[in-house]
Each structure stands twice: as C-alpha cells, then as structure tokens.
Amino acid sequence: IVDMAINFNLGYLHDGHKVHDRKEIAKHYLHTYFLFDLISNFPYDWFLGSSEGKSRKIAKLLKVPKLLRMVKLLRTLKDLTQYVGVPLNFAALHLNVHYWACLWVLIELNSCEASVTCPPVADTYLES
C-alpha cells in the first residue's frame, strides 16, 4: 500500500520531459496502473482469514497483475541496455531461476497424495 502512495508522488516521463505536477501525476497513475495495484495490494487475508482452499488460491492469483509492472520496467531497461547490460542480464537470470524454483515447488506440492502428508517446504529447503 505504501507503493501506491509513492506512485501518486513519483514523476513520469511524457514526450521526453519529466512531469512534476502532482495533479498530473495522480491523474496519470489513476489512468495507468492504479487498478492493477489496487487489486494486487488489497489485503484479502483480512477477509478470508486463515481459510485454505480455492478462495485462498484465487486470492493469491489476484496478486499476479503486479507482474505487469515488470513489463514496464523491462521496456524502460531495454532502452538503457547500453548502460545496464550486464546487471540487467544477471537480474533477468536471477528472476528466471526464482520463478522456475517456485514452479518446481508448486508442482511438487500438487503431486502429494491426500493420504500422505506433504513435506514442509521451508524445512526441506533448509535441509539441503
């Protein structure tokens, strides 16, 4: 939620010029990423409680729009590749490895049988 407050005060580029007017910044943010941020930052846990199941999984999926911000970042960094080439490649590799690890854990947890308890992910990770 702090991220949303920052975005209401963060300037943006328009036709090669940085916009500093807070009213214009707020209007631009409301027309671009505000809805995505509102959906992905909403505290669904407060209303769902500690319930598990489909409602919990849907609440987690609602946080996916935050990834759309990465598209904007990648477009900006593509223009600046000559300045940030090596660090950008390292960060992209790191992010890629992270997402593959998350996918691997998700597949492993979904393949657990109902009669057998699944291994605790954090403990399993820390043991290796």
Practice task
Taking all heavy atoms of R22 and all of N9, pick out the closest pair and write down the distance.
Solution key: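 It is NH2-OD1, 2.6 Å.
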Handout entry: Residue pairs passing the salt bridge (Lys or Arg N to Asp or Glu O under 4.0 Å) test where at least one lies in residues 27-38, sequence neighbours excluded
Key =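 Sorted result for residues 27-38: E24-K27, D37-K66, D37-R69.
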Point-to-point distance, once rounded to the nearest 0.5 Å, from [atom1] of [X] to [atom2] of [Y]:
X   : Y   : atom1 : atom2 : result
H14 : I25 : NE2   : CD1   : 13.0 Å
Y29 : I6  : OH    : CD1   : 10.0 Å
L10 : H20 : CG    : NE2   : 11.0 Å

Practice task
Measure the acute angle between the ring planes of Y33 and F36, then classify it against the limits of 30° and 60° as parallel, tilted or perpendicular.
Solution key: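 It falls in the tilted class, 30° to 60°.
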Practice task
Give me the other members of the hydrophobic cluster that F90 sits in, counting Ile, Leu, Val, Met, Phe, Trp and Tyr linked by side-chain heavy atoms under 4.5 Å, directly or via other members.
Solution key: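 Same cluster as F90: nobody, lone residue.
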Handout entry: Pair H28-V19, side chain to side chain contact (heavy atoms under 4.5 Å, CB included): steps then yes or no
Key = CA-CA 10 Å; H28 180 262; V19 177; over 6 Å; no
Exercise for the section: Establish whether L30 and M4 are linked, either directly or via other cluster members, by ILVMFWY side-chain heavy-atom contacts under 4.5 Å. Expected result: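 In one cluster with L30: M4, yes.
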